[in-house]
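Numbering of ligands and ligand atoms starts at 1, following listing order. Positions are given from 1, in the same order as the sequence printed here.
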Amino acid sequence: MSQPKPMNTIAVMTSGGDAPGMNSAIRAVVRTAIGAEMEVLGIRRGYSGLLEGDLIPMDAASVGNILQKGGTVLGTSRCAEFLKPEIRQEAANILRRKHVDGLVVIGGNGSFNGAYQLHQEHDIPVVGVPGTIDNDIQGTHYTIGFDTAVETGVYAVDKIRDTANAHDRIFLVEVMGRHSPAIAIHTGVCTGAEHVIHTPENTDYDTLVSGIRRGRKRGKNSFIIIVAEGQVPGSAYQVQKHLADNYQIASHVAILGHLQRGGSPTAHDRFIAASMGFHAVQALKTGEVATVTACRDGRIQLVPLQECLEKNDAIDAFSLNLTQQLAI
Ligand SMILES: Nc1ncnc2c1ncn2[C@@H]1O[C@H](COP(=O)(O)OP(=O)(O)O)[C@@H](O)[C@H]1O
Ligand SMILES: O=P(O)(O)OC[C@H]1O[C@](O)(COP(=O)(O)O)[C@@H](O)[C@@H]1O
Ligand SMILES: [Mg+2]
């Protein structure tokens, strides 16, 4: 832990893919900081906005009536330039010119890498708040937005099930999460899907097809196969083609895509985001910087940022198996 530096002015940004609940985190950061007599600047459009010096003063009213909204009022971006050290130097200069004493970065592991570099290279006090619908950051059990994204997936699949039942159809429902199977696996359990394809590039067609045949024998008339996005959006079409060409099985595709990133956050996401935003400002105040407000063992704990820089690719084998077990 570093010695606490005076925190007169802090800045907050959202970066990477937006996630429902980010607004609740921004609100908590702004209001906790104001409560502690700090000035707060909002950085618009993540690292891109930072490099343009697009920082705006935020008061308590500026975050009123945003908690229930999806997206992020600050905007976000993917900023390839930020991978260059000389560009990060410019960013650090801008933060110093604006008298920013500490920075809260709400985003995924990519955004945390940027924050980590700012701390390592330029001694900027940073704290990360995990925000991504994918729930795929090492070091934290939960990321803001995941619950809402799964909820949206479940809502959509329930509707698809109605029409699949009516027409005796097989549906391949592709859910979001590039290289991240968590949304697919949870949506599978919560919708009673017949099968979850967690890595479309390595689909186990034998298990999938024998499940469909077994189900048909016992009178099932609809099948929901949840397909994770995999390497590229549209993987479900490859699965559809493979089933048609190799097994003469016809299926329909529905791709949920960015639909799952928007919408009003669930109570769970609002609650976690509010708590994490609060803890992030406390961490800056106490000098517990280069940390992340991680969710572990059901509570928010500060963990070193270094532990949260990698993407978590682990597959939740229990939940994956649960879908299969219950779909007999
Ligand atoms: N290794 C890195 N070094 C510095 N900045 C990075 C690094 N990786 C990502 N970033 C910055 O963080 C941004 C968001 O990362 P990205 O992976 O797109 O989203 P997320 O933060 O949601 O994982 C990138 O566009 C880039 O500006
Ligand atoms: O909106 P984009 O740039 O197409 O990115 C899509 C990807 O972003 C996500 O929504 C979230 O990813 P990050 O939070 O890591 O940015 C993935 O689920 C999805 O595959
Ligand atoms: Mg990411």
Distance from Gln324 atom CD to Glu194 atom CD, nearest 0.5 Å?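 Reported to 0.5 Å precision, the distance equals 9.5 Å.
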
To the nearest 0.5 Å, what is the distance between CE on Met22 and CD1 on Ile106?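 So the CE of Met22 and the CD1 of Ile106 are separated by 7.0 Å.
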
Shortest reach to [atom] by a heavy atom, considering only [options]:
atom	options	answer
atom 9 (C) of ligand 2	His258, Glu229, Arg261	Arg261
atom 2 (C) of ligand 1	Leu118, Asn113, Asp136	Asn113
atom 27 (O) of ligand 1	Cys79, Gly107, Gly46	Cys79

Ligand-residue contact atoms, ligand 1 with [X], heavy atoms, under 4.0 Å:
X	value
Gly17	22 (O)
Ser15	13 (C), 14 (C)
Phe82	4 (C), 5 (N), 27 (O)

Does an N or O from Arg78, backbone or side chain, lie closer than 3.5 Å to an N or O of ligand 1?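 Min N/O separation from ligand 1 is below 3.5 Å for Arg78.
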
Is it true that, when you exclude Phe271 itself, more than 12 heavy atoms of the residues, nucleotides or ligands shown sit nearer than 6.0 Å to its CZ?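 No, not enclosed.
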
Is the contact between Ile133 and ligand 2 made by the side chain, the backbone, both, or neither, using heavy atoms and a 4.0 Å cut-off?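 Looking at Ile133 and ligand 2, just side chain atoms fall under 4.0 Å.
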
Close approach, [X] and ligand 2, non-hydrogen under 4.0 angstrom:
X	answer
His179	no
Lys311	no
Gly17	yes

Any heavy atom of Asn109 closer to ligand 1 than 4.0 angstrom?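 Per 4.0 Å heavy-atom rule, Asn109 contacts ligand 1.
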
Tell me whether Arg88 reaches ligand 1 (any heavy atom closer than 4.0 angstrom to a ligand atom).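 Yes.
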
Where's the contact between Tyr47 and ligand 1, heavy-atom distance under 4.0 Å: side chain, backbone, both or neither?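 The answer is the side chain of Tyr47.
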
Please tabulate, one pair per line, all N/O donor-acceptor pairs under 3.5 Å involving side-chain atoms of residues 98-105, not counting sequence neighbours.
| unit_1 | atom_1 | unit_2 | atom_2 | d |
| --- | --- | --- | --- | --- |
| Asp101 | OD2 | Asn8 | N | 2.8 |
| Asp101 | OD2 | Thr9 | N | 2.9 |

Checking the N or O distance criterion of under 3.5 Å, is ligand 2 in contact with Met176?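 Min N/O separation from ligand 2 is not below 3.5 Å for Met176.
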
Please confirm whether Asp136 comes within less than 3.5 Å of ligand 2 when only nitrogen or oxygen atoms on both sides are compared.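 In fact, backbone or side chain, Asp136 has no N or O that close.
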
Test: Lys159 cationic atom under 6.0 Å from Tyr155 six-membered ring centre, within 45° of axis: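 Verdict for Tyr155: a cation-pi partner in Lys159.
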
